[in-house]
Every structure is written in structure tokens, then in C-alpha cells.
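In the text below, chain A, chain B and the rest are named by the order of the sequence lines, each starting its count at 1. These values consider heavy atoms only, across backbone and side chains, with no hydrogens, waters or symmetry-generated copies.
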Amino acid sequence: MKVELREVWKEYRMGQVTVAALKGVSITISRGEMVAITGPSGSGKTTLLNMVGCVDKPTRGRVLIDGEDVTPTPLDRLAPLRLKKFGFIFQRFYLLPTLSALHNVMFPMLKAGVKRAEAQKRALELLDTVGMRERATHLPYQLSGGEQQRVAIARALANDPDIILADEPTGELDSESGRVVVELLHRLWKDMGRGVVVVTHQSEIASRCRRKIVMRDGRIVGGR
Amino acid sequence: MSLSWLFLKGRRVVATSVAVMLSAVLVLSMLSVSEALEKSAEERERASSEDILLTTAYLSNGIPGGHALSEEISSDSNVTVATPISLAIASALVGGEDLPLVGVGVIPGEIEKFMGEDGVLFISGQKMEISDFFEEKGDPYFAGGYKGRWTGEILLDEVLKGKYGLRKGSRIELSGPGGRMNFTVSGFFSTTLTGGGVVSYYVKGAFMVHLSELQALSGLALSPDNGTVVDRCWGILIKVSEKLREDNEAFESFASSLKARYPLYKVITPQERFKRLDEQYNLVKVFSFSISFISASVGLLFLLAIMYINVQQKGQLLRVLKAIGASNRDIFLEVYLSSLLILFVSFLSAIPVSYFVAGYINDYFVSSTGIDVSYAILNTSVALKAFLIFAGLGAVLNLYPTFKAVRIKLEGVRAPPERW
């Protein structure tokens with residue numbers, strides 16, 4: 001799978017002022033790559049990740065998934081694409097508080113039409129992969145931050161996506177939990193062959209990625 | 001589990017459910033009492049052996065020569081019995097209180113023929129349950145131009161027995177436009193005559209005496225100008241023969257002939273009473289439906305407000321749902337079904353509570369108005385009606401927070417704009 005951004009601009013209106021978060025960014029990300037996007041706050045890292053994951057639309061420019069231009073497609077119509085091709089990991093985990101760890105992982109699979117028994121089996125395997133099988137029946141509030149993020153990683157893998165998009169995945173974690181999460185992401189890339197795109201401020205995470213993209217003022221100023 | 005039921009947790013949901021449940025209880029109870037009123041009135045009409053009432057306006061005592069007129073009507077072969085009755089307001093001095101009472105004057109031997117075996121009598125749709133009766137069945141005081149024997153027999157409303165400790169054999173003095181007269185309590189009866197409407201605000205109970213004695217008490221016996229006998233009464237109750245009652249066409253024709261014969265009076269048939277009853281109960285229905293609708297609206301607006309706040313507060317989780325692949329349809333179902341589930345569960349919990357509350361409102365209604373409602377009905381039809389009001393309103397109102405949720409922009413999922 002390949003995601004291409006061609007001359008992508010993203011502008012926001014803030015009252016009377018129009019602010020450009022991305023200024024003509026072009027980039028290609030494929031399955032099998034581990035990419036770090038770094039840069040100071042306000043440089044456009046998260047906006048870039050949004051474009052790659054089809055959760056935002058560019059003001060100008062084009063987004064192509066496997067060569068197909070998805071720019072004109074409404075975001076809601078891209079829901080199946082996000083469901084099957086991408087896995088999302090958020091800084092604040094965002095597990096669904098009403099569901100157990102197991103059900104959080106099963107949720108995207110059931111949305112994708114996987115049968116319940118099969119979804120449960122696979123969810124348990126994924127929780128095992130991230131070392132959370134023993135905590136499968138726990139609700140999010142019963143888990144630590146690190147544990148919640150591991151469950152979130154399992155959820156991101158639920159539909160066997162090509163690319164995992166992680167937005168500052170260790171931002172809310174202590175250093176030990178952060179290290180475990182980074183290790184897991186590294187394994188996803190190295191052992192499982194996924195594409196992993198990580199937005200991070202932390203140089204030690206960026207240093208574990210083969211490819212680094214440095215952003216400043218909405219432009220890519222380093223790496224490609 | 002294809003829904004995460006994000007909105008079904010926490011104390012707020014419990015509080016919302018309780019609020020919705022309370023409004024459902026009120027809806028169910030009001031509809032139950034309304035149904036009970038309607039059913040009781042219908043049963044009352046069905047149980048009535050009163051066929052035709054010849055009358056003027058309510059309490060106007062406008063028919064002169066009541067005794068003679070009823071004899072004239074009784075002579076018709078289609079009539080089993082016709083009897084004059086009188087209604088009047090009189091005062092009784094009981095326990096140091098001056099009580100305004102509504103009195104019914106009857107000829108006991110004739111009115112008895114309108115009573116069921118259980119001692120139930122209906123006069124113009126008003127029920128009277130008579131446990132004791134008069135010793136003298138005729139109307140002796142009427143003899144010789146209101147100079148006959150004064151029986152002084154009186155039957156009193158059960159309400160007076162309870163409140164003022166009156167019993168059989170008690171003496172009671174009544175005063176009216178005809179003067180002050182003494183009576184001896186012969187027994188008691190319960191009645192709907194003083195219940196509801198304007199009457200209940202003015203009178204504290206009812207009594208029943210011989211017709212001529214009530215006429216004397218209320219000044220309807222003799223003309224105030226020259227003292228001649230006028231024998232004014234309020235109406236003539238007519239019971240027709242079984243044969244006529246079973247033949248609708250003949251019955252209608254008989255009623256028409258009465259109307260033609262007595263054009264100055266109203267001839268009220270059971271059909272007309274039913275029609276009047278229908279009009280009255282349509283009013284009750286509109287009232288109870290309005291209360292139900294307002295109550296349901298308040299409860300459901302509360303649900304709407306809470307769901308709206310929930311959607312605002314859980315906006316980020318809704319965005320996450322969208323980001324991990326949930327479509328707008330999924331979000332719609334997530335929010336809409338959650339609110340409908342709260343509504344449904346609250347409604348179901350309201351049913352057993354309503355059973356008791358309806359009974360309580362029913363008792364309160366009976367004791368405060370005196371209207372005879374023997375039971376509040378919480379049946380499937382009432383529950384279904386209430387549910388339709390609830391589900392209909394809920395289905396419409398909850399579209400608002402649902403569409404708010406659907407329209408939440410996915411773009412904000414990763415970070416607020418200041419974090420790009």
C-alpha cells in the first residue's frame with residue numbers, strides 16, 4: 001500500500017485570518033516503512049498525519065491511495081478505507097470507556113464485518129502480542145496509561161492494516177511505559193512488516209526510525 | 001457490541017432515566033385515570049334503568065302539576081311507570097355548622113321501580129346507592145293541597161354520616177324558601193350527585209325526602225302569590241315497557257311523540273345522555289392528553305438536553321469512533337439508539353410505578369370531587385397509547401442531539417488547531 005501527498009495545502013480560517021498549516025507538502029509513505037515526523041509545535045506534523053490517514057481533507061493538492069485520488073471523496077465515505085487500511089494510535093489512547101480491553105480491540109473488527117467468534121479469537125491474540133491478554137476483561141479505567149496504550153496498539157492492529165499512524169504515542173506515558181510502546185511499534189514494523197508513521201518530539205523515538213521527516217512552518221525542511 | 005453504548009454509563013444517565021421515568025409515570029397515570037373515568041361513566045349509563053327524562057333546565061323546577069303530569073304519562077300503554085322528582089337546595093344546621101345540601105324529592109313507591117335489586121338508582125346519570133329506604137312509600141303530604149300527613153322521613157348522604165356523626169333516628173332541621181322543617185333520619189345513601197362540577201363547590205352533601213315535603217320546604221308546592229297548588233317539579237322520570245325498550249324504532253317514535261306532546265320541555269333519551277357524556281369525556285380526554293403531552297415533553301426535553309451535553313462532552317470519543325472506521329450511520333445509531341434505549345427502559349420501569357400512582361390519583365380524584373370512579377385502569381391499550389406518545393415525541397426530539405453527533409467534524413480528532 002502506498003499513500004501519496006502531492007502539493008498538499010491545508011488552510012484554516014481563524015476569524016479574519018487564514019493560517020496555512022501545510023504549505024505544498026509532497027510525500028510518499030509505503031507499507032514496510034517506519035517514518036518519524038518531527039518538528040516544533042505548530043509545524044504541521046499532526047495535520048500531515050491527518051492527511052495521510054484520510055481524517056482530514058486538503059484545501060489544495062491531492063491525496064492518492066495506491067494511485068487512486070481520494071481527495072474529492074467525502075470523509076465519511078472513506079470510513080471503510082480507514083477501517084481496513086489504517087490503524088490509529090492517539091496520544092491520549094482514547095479507548096472506549098464503556099468497553100473492556102477485549103471489546104475495544106474487537107470493535108473495529110465487528111465494524112468491518114468480521115464474525116464475533118473470529119473477532120474475539122483474533123482480539124485475544126493481539127492482546128497477547130502486546131502483553132495484555134491477562135487484562136482482557138478490564139475496563140479502560142482499570143488500566144494504567146501504558147497498559148491502555150498497549151490495548152490501543154492492539155486495537156490499531158485489529159483489521160490487519162497496512163499503515164499504523166501514531167500521534168505522539170508516548171506523550172502521556174512514563175519513560176518505562178514509553179519504552180515498551182516504542183518497542184512494540186518497532187516490532188510492528190520490523191517483525192510484522194507494517195508501515196509505521198510516528199509523530200514525535202522525542203529524539204530517541206525518532207532515532208529508531210529508518211526515515212525521518214522534519215517539519216517547520218508547514219513545510220518539510222528535512223528528510224523526505 | 002457493534003455499538004459501544006458510549007452514552008449509557010454514569011450517574012447522569014441514571015438521573016436522566018429517573019426523570020424520564022417520572023414523566024412516563026405521570027403520562028401513564030393520567031391516561032389510566034382518564035380511561036377509568038370514561039369506563040366508569042359508560043358502565044354507569046349501562047346500569048341505569050332510566051329510559052326517558054322529561055325536564056326543563058337543571059335545578060329550575062319548571063314543570064307545574066308534576067303529580068298530575070306523571071299520572072297522565074303513566075296512562076300510556078308504553079310506559080311502565082312515570083314519577084315526578086324535584087331537586088332543591090336547602091340548609092341544615094348540623095354540629096353548629098350551616099350546611100348547604102342538595103335535596104331530591106321522590107315518591108318512594110314509584111322511584112323504587114327505577115332502582116336495581118342492589119338499591120342503585122340513577123337520576124339523569126347520577127348514581128345513588130340506597131341502603132335504607134322510606135317507611136312510607138306514597139306521598140301523603142300532597143293530599144288535600146299539601147295538608148296531608150307529614151312523614152318527616154329523610155335519607156342522608158353517607159358523607160354527612162361520617163363527618164357529623166349522624167345516625168338513623170337523628171333529628172335534623174332543614175330550612176328553605178318554604179320555611180324551617182324537621183325531619184328524622186331514616187337511613188343513608190351514597191351518591192355522585194354532589195361530586196364534580198359547580199355543585200360540589202356549593203353543597204356539602206345530599207338528602208332525599210318525599211316529593212311533596214321537598215316542594216313545601218323549597219316553596220314549590222304552592223304559588224307565592226295566591227297560595228294555590230302549583231306542584232312544581234324538576235322532571236318526570238319515565239320507564240318504558242320492555243317491549244318498547246327492545247324496539248329502537250318504536251322507542252324513537254315514542255320519544256318523538258312525547259316531544260310533540262310537551263313542546264315546552266326537554267325529552268332526554270339514553271342516546272342523548274350518551275352523546276352528552278361523550279362530549280364531557282372528550283373534554284376529559286383532551287385535558288388528560290394535554291397533561292400527558294406536556295409531561296412527556298418535559299421529560300423528553302430533559303433527555304434531549306442531557307444527550308446534547310453528552311454529545312458535546314464526548315465529542316472527542318465520537319471523532320475517535322469515526323477515525324477508527326465508524327461511519328456517520330454508525331454514529332447516528334450509537335447516539336439515537338442510546339437515547340431510545342434510555343427512553344424505553346425508563347418507560348418500562350414506569351409501568352409498575354404507574355399502577356400504584358394511578359390508584360393514588362384515582363383515590364384523590366374520587367375523594368376531592370366525589371365523582372364515582374371505581375378503579376384506575378392500567379391496561380395494554382393505555383400503556384400502548386402512552387408509549388406511542390413517548391416513542392413518537394422521543395423519536396423526533398432525539399434527532400437533534402443525534403445529528404449534532406453525526407455532524408461532529410472528524411478533522412479535530414488528533415489535536416486541536418493550536419497543536420498543528
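Looking only at atom types and distance, the side chain of B:Asp330 has a donor-acceptor partner in the side chain of B:Ser327 under 3.5 Å away. Looking at A:Arg216 and A:Ser43, their side chains never bring a donor and an acceptor atom within 3.5 Å of each other.
With a threshold of 4.5 angstrom between heavy atoms, A:Leu95 approaches chain B through N, CA, C or O but not through any side-chain atom.
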Show, in sequence, the C-alpha distance, side-chain angles and deciding distance for A:Cys54 and A:Ile65, and conclude whether the side chain to side chain contact (heavy atoms under 4.5 Å, CB included) test is met.
CA-CA 9 Å; A:Cys54 297; A:Ile65 307 288; 3.9 Å; yes

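Counting heavy-atom pairs closer than 4.5 Å to chain B, the top-ranked of the candidates A:Arg82, A:Arg92, A:Met215, A:Arg155 is A:Arg82. Options A:Pro97, A:Pro108, A:Ala156, A:Ala158 differ in how many heavy-atom pairs under 4.5 Å they form with chain B, and the most are formed by A:Pro97.
No side-chain donor-acceptor contact under 3.5 Å links A:Glu4 to the backbone of A:Leu64.
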